[in-house]
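Structure first, commentary second.
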Amino acid sequence: MQNHAYNRLGSLGGGGGGSGAVPSPPSSPRRGAGRRSSGKGGSARAGAGAGAAGAVRGGGAVRRAARVVLAALLRRQAVFLFAPLLYVAAMLLYMGSISLDSVPRIISRPAPGSLYRSPQLYARLRADMDADNATDALATVWRHAYKGGIWRPCINNITYDLPESNGYIYVEANGGLNQQRASICNAVAVAGFLNATLVIPNFHYHSIWRDPSKFSDIYDEEHFVQRLKNDVRVVDKVPEFIMERFGHNLSNVFNFKIKAWSSIRYYKEAVLPKLIEERLIRISPFANRLSFDAPSAVQRLRCLANFEALKFSKPITTLSDILVSRMREKSAENNGKYVAVHLRFEEDMVAFSCCVFDGGEKEKKELDAARERGWRGKFTRPGRVIRPGAIRMNGKCPLTPLEVGLMLRGMGFSNNTAIYLASGRIYKSEKNMAPLLEMFPLLQTKETLASDEELAPFKNFSSRMAAIDYTVCVHSEVFVTTQGGNFPHFLLGHRRYIYGGHSKTIKPDKRRLAILFDSPRIGWKSLKRQLVNMRTHSDAKGIEMKRANESIYTFPCPDCMCRSNKSEHSKSIQAR
């Protein structure tokens with residue numbers, strides 16, 4: 001039976017043995033196929049069959065070798081763990097064989113703006129600057145005229161009786177000169193809108209400004225009361241019969257803690273009922289407690305207070321007028337025209353900016369100490385990262401006196417231009433002011449224009465000194481602002497108001513200035529061309545109209561100021 005099966009498989013496989021041969025196992029199909037091909041004797045097919053068999057045997061050898069290698073690696077997986085160590089060892093051996101002198105050095109460049117390069121720029125361009133002194137920008141600085149219609153001030157000569165008052169409002173104005181000014185104007189607007197009587201605002205003494213001045217020391221109180229008499233009642237103190245209810249102690253009066261930038265609607269809904277009930281309310285503090293976005297009747301009262309009612313006291317006005325006259329004498333070659341610059345380079349401003357100027361260890365210690373004195377812990381709290389270079393390139397560093405000089409000379413102002421510098425005590429004054437005086441030898445300050453005797457009544461009062469600067473700057477042909485703040489914001493609006501809608505102010509692009517002053521290869525002609533373009537841009541921006549949510553003190557609104565007739569006033573009274 002078994003032999004029969006073998007014989008059958010052998011015959012099927014096409015074996016060539018005789019009938020008496022011992023039977024063999026069945027052959028592989030591949031090998032059988034090969035034998036069948038050769039057995040049939042076709043020469044061409046035999047050649048092809050042999051070639052195919054050789055290829056199969058070659059491919060099989062490669063695969064078998066790959067399997068062997070893979071199997072060896074799988075059996076020794078630790079090789080994969082040691083491979084990185086072997087690579088690192090090989091690299092160390094390779095690097096040890098190379099001389100360090102042949103390795104290229106990596107040059108570390110300081111971040112843009114991290115170095116104060118303006119002194120080097122000034123030294124390199126000074127010869128070209130001095131040679132180019134023929135142009136005088138004062139003659140051609142303002143080419144754009146206001147095109148928004150007739151600029152009419154908020155003057156109202158109509159007299160009529162005010163309705164009965166709803167009560168008295170007492171406010172405490174905090175901050176410096178111009179922050180107090182905003183508080184006064186907002187208080188006038190709120191009192192007028194609520195049909196209340198305004199008590200002359202009290203000035204809150206602050207440890208930074210250290211000025212104990214009262215309202216009448218800075219402003220003409222009589223003029224203030226008279227100018228507002230047709231719109232808002234103003235008294236110098238709370239009547240006795242009202243104070244009796246509170247034990248003659250203002251601390252017993254209900255004090256509203258109002259959020260910053262509150263709407264006039266809030267005053268009508270929350271403050272007015274309490275005012276009618278108590279007859280006297282107190283609001284402290286009162287800086288920035290009224291939104292810029294307000295009805296035209298409220299905006300008109302703000303404008304009336306700021307531009308018409310608030311007039312500096314006689315001692316301040318007298319000295320300021322003298323200094324303006326002296327500045328015009330000093331600029332006789334330019335028909336009495338002069339440039340006023342508001343420079344913020346006092347120690348506290350330099351410290352607060354966190355910018356680097358000289359970069360030395362001495363400067364760092366001085367400014368660190370100033371920051372700790374003024375803002376204890378603010379700049380050293382954990383997680384706070386200060387990048388002086390980024391601060392400068394974002395235009396946040398205060399311009400130095402040298403940079404102000406470079407900018408003005410580049411804008412085309414010659415060295416015979418009379419400059420009035422409105423500033424506090426300059427940080428490292430002797431060193432930092434020297435290059436500015438080289439570029440503009442006719443530079444003046446209130447200290448150089450006035451005698452010690454003339455300044456004595458004002459010298460220890462920061463707000464009175466700021467009022468003198470304010471007045472001289474208002475009457476300049478050109479005003480240059482170098483840093484933000486209330487002083488330039490109010491001054492821009494005041495100049496728009498008195499110069500028919502044009503602020504006549506240069507407000508430089510400090511980001512662009514940072515790039516220009518940080519350029520080590522820029523030439524004088526290229527610098528001047530770009531700075532003249534910046535001046536032209538300020539000329540065009542000077543005639544801009546008020547936009548939504550902008551301060552009425554910076555952008556006086558002619559439409560609001562014109563609405564001063566009796567019917568408009570009656571409508572505002574009825575709306576209360």
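As the structure is a computational prediction, the values presented were derived from the model and not from experiment. Excluded from the calculations below are hydrogen atoms, water molecules and symmetry mates; all remaining heavy atoms, backbone and side chain alike, are included.
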For the [atom1] atom on [X], are there more than 12 heavy atoms of other groups (residues, nucleotides or ligands in this structure) within a distance under 6.0 Å?
X: R511; atom1: CZ; result: no
X: H223; atom1: NE2; result: yes
X: E222; atom1: CD; result: no
X: K274; atom1: NZ; result: yes
X: K428; atom1: NZ; result: yes

Assess the side chains of [X] and [Y]: does a donor N or O sit below 3.5 Å from an acceptor N or O?
X: D321; Y: H475; result: no
X: E308; Y: Y497; result: yes
X: D211; Y: S213; result: yes

Check this for me, if you would: do [X] and [Y] make a salt bridge, where the nitrogen-to-carboxylate-oxygen distance has to be below 4.0 angstrom?
X: D368; Y: R371; result: yes
X: E221; Y: K311; result: no
X: K446; Y: D469; result: yes

Against the six-membered ring of [Y], is [X] placed for a cation-pi contact (under 6.0 Å from the centre, within 45° of the normal)?
X: R495; Y: Y499; result: no
X: R282; Y: F254; result: no
X: R181; Y: F312; result: yes

### Task
Evaluate the criterion side chain to side chain donor-acceptor pair (under 3.5 Å) for residue pair S291 and S263; output intermediate values, then yes/no.
CA-CA 5 Å; S291 170; S263 68; over 6 Å; no
I want to check something: taking the side chain as every heavy atom from C-beta on, are [X] and [Y] in contact at a cut-off of under 4.5 Å?
X: F461; Y: I218; value: no
X: V238; Y: V253; value: no
X: F352; Y: P398; value: no
X: R227; Y: L310; value: no
X: V339; Y: I506; value: no
X: D348; Y: Y427; value: no
X: P508; Y: M407; value: yes
X: I386; Y: R384; value: yes

### Task
Report yes or no: does R245 contribute a side-chain atom to a donor-acceptor pair with the main-chain N or O of E278 at less than 3.5 Å?
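Such a contact is found between R245 side chain and E278 backbone.
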#### Entry: Any donor-acceptor N/O pair, D231 side chain to G192 backbone, under 3.5 Å
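Not confirmed, D231 side chain does not pair with G192 backbone.
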### Message
If I compare all heavy atoms of L531 with all of L406, which pair ends up nearest, and what's the gap?
### Response
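Looks like CD1-O, 3.9 Å.
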### Query
Run the salt bridge (Lys or Arg N to Asp or Glu O under 4.0 Å) check on R373 and E347 step by step: do they pass?
CA-CA 12 Å; R373 284 194 307 271; E347 184 182 64; 3.2 Å; yes
#### Entry: Within the 6.0 Å centroid threshold, strictly below: F517 and Y116
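No: the rings miss the under 6.0 Å criterion.
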#### Entry: disulfide (SG to SG under 2.5 Å) partners for C355, two or more places apart
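Scan of C355 (disulfide (SG to SG under 2.5 Å), adjacent residues dropped) gives C397.
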### Task
Determine, stepwise, if the pair F256 / F286 fulfils ring-ring contact (aromatic ring centres under 6.0 Å, His included).
CA-CA 10 Å; F256 268 96; F286 195 66; over 10 Å; no
### Test side chain to side chain contact (heavy atoms under 4.5 Å, CB included) applied to R464 and I316, step by step
CA-CA 7 Å; R464 301 183 206 182; I316 292 174; 4.2 Å; yes
### Query
Quick one: salt bridge (Lys or Arg N to Asp or Glu O under 4.0 Å) partners of E269, sequence neighbours excluded?
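Scan of E269 (salt bridge (Lys or Arg N to Asp or Glu O under 4.0 Å), adjacent residues dropped) gives R265.
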### Working for side chain to side chain contact (heavy atoms under 4.5 Å, CB included), residues V188 and L198
CA-CA 7 Å; V188 169; L198 177 67; 3.8 Å; yes
### Query
Hey, mind stepping through V235 and I200 against side chain to side chain contact (heavy atoms under 4.5 Å, CB included) and telling me if it holds?
CA-CA 6 Å; V235 295; I200 289 289; over 6 Å; no
#### Entry: Candidate list N178, N306, N186, test side-chain hydrogen bond (donor to acceptor under 3.5 Å, both in side chains), partner Y553, passing option
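It is N186; the other options fail the test.
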### Task
May I have the step-by-step check of side chain to side chain contact (heavy atoms under 4.5 Å, CB included) for Q180 and N174, ending in yes or no?
CA-CA 6 Å; Q180 290 173 346; N174 55 311; over 6 Å; no
### Full working for ring-ring contact (aromatic ring centres under 6.0 Å, His included) between F215 and F224
CA-CA 10 Å; F215 187 96; F224 182 75; 5.1 Å; yes
